[in-house]
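For reference, the structure discussed in these notes is given below.
Note: hydrogens, waters and symmetry copies are ignored here, and every other heavy atom, side chains too, is used. Index from 1, following the sequence.
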Amino acid sequence: RVHLSVLLCACLISYRMLAATPEEVDPTFAPLKTWTLRHPSPASTPLQSTGLRGIAYGKGQFVVVGDKGAILTSTNGQNWIQQRSGTTAQLNDVAYGGGTFVAVGRAGTIVSSNDGVVWQERISATREDLWGVKHLRVMFMAVGGHRGVLLDGTPGGPSEYVILASPDGAQWNLIQRQLNEGSLYDVAFGSGLYLGVGAMESVGSPPGWIPPSVVVNMISSTNGVSWS
């Protein structure tokens, strides 16, 4: 009877845990339960219809980037200020590290800022679209490339991925350029390994849209220079 009571008690506790809401299990979840839609600009302005594609946090502020070179900053996530990026190119991602913000985008566009307000366009050593940027260890790393097949499945030219690196967000070097391997969309570092991910995708499709017959790319490096 004792064993049966213990088993029954354990089952009841397990059921209660499964039925509990996240905030009941961990009170720190409570602030994440309610979300509020924020409008960075009045509905009548062109920016209201602009797609936002990347976000980073540093120096006490959020920095958001998007279409048409859009850059927005906020110290509280509620009130947003539009900044001048110095470019009209689509910006796909932004990262913060070493006291610097870096944003990357179409046609090899790279802009950087020390305060999130004043931005300067940099020479990136590539005209390929850049989809992702991260500050990894002591350097920034940007990845990108272009698509190799059309929406109907016919060839659209050889695909290509690129990897760029910079110690300060201002001076950039082309680390690797590889044909016929699709595009790269993101990069990370952990456990002594750099890892880049992407795919060969269709012209006109958004990043991450993978046709059933397309192979996903994953490459790695132990030093950030030699990749395979």
Ionic contact status for Asp67 with Arg53, cut-off 4.0 Å: yes
Main-chain N/O of Asn79 paired with Ser74 side-chain donor or acceptor, under 3.5 Å: yes
Candidate pair Trp119 and Thr87, rule side-chain contact (heavy atoms from CB on, under 4.5 Å), full reasoning: CA-CA 9 Å; Trp119 293 80; Thr87 181; over 6 Å; no
side-chain contact (heavy atoms from CB on, under 4.5 Å) between Ile219 and Ile163, worked out: CA-CA 11 Å; Ile219 61 173; Ile163 302 173; 3.7 Å; yes
Polar side-chain atom of Ser85 near backbone of Gly69 as donor-acceptor pair, under 3.5 Å: yes
Heavy-atom closest pair, residues Ser112 and Thr100: CB-CG2, 4.2 Å
Main-chain N/O of Tyr194 paired to Ser221 side chain as donor or acceptor, under 3.5 Å: no
Residues forming a side chain to side chain contact (heavy atoms under 4.5 Å, CB included) with Ser220, sequence neighbours excluded: Leu193, Leu195
Distance-only polar pair, side chains of Tyr161 and Glu128, donor-acceptor under 3.5 Å: no
Side chain to side chain donor-acceptor pair (under 3.5 Å) pairs, two or more places apart, involving residues 132-143: Lys134-Asp186
Exam field: side chain Gln61 to backbone Asp115, donor-acceptor pair closer than 3.5 Å: yes
4.5 Å side-chain heavy-atom contact, Thr126 and Trp172: no
side-chain contact (heavy atoms from CB on, under 4.5 Å) between Val111 and Val65, worked out: CA-CA 11 Å; Val111 294; Val65 301; over 6 Å; no
Distance-only side-chain donor-acceptor flag, Gln171 / Asn173, under 3.5 Å: no
Criterion side-chain contact (heavy atoms from CB on, under 4.5 Å) on Tyr96 and Val63, from CA distance to verdict: CA-CA 9 Å; Tyr96 174 80; Val63 174; over 6 Å; no
Qualifying residue, where the test is side-chain contact (heavy atoms from CB on, under 4.5 Å) with Leu130 and the options are Val143, Leu91, Leu164: Leu164
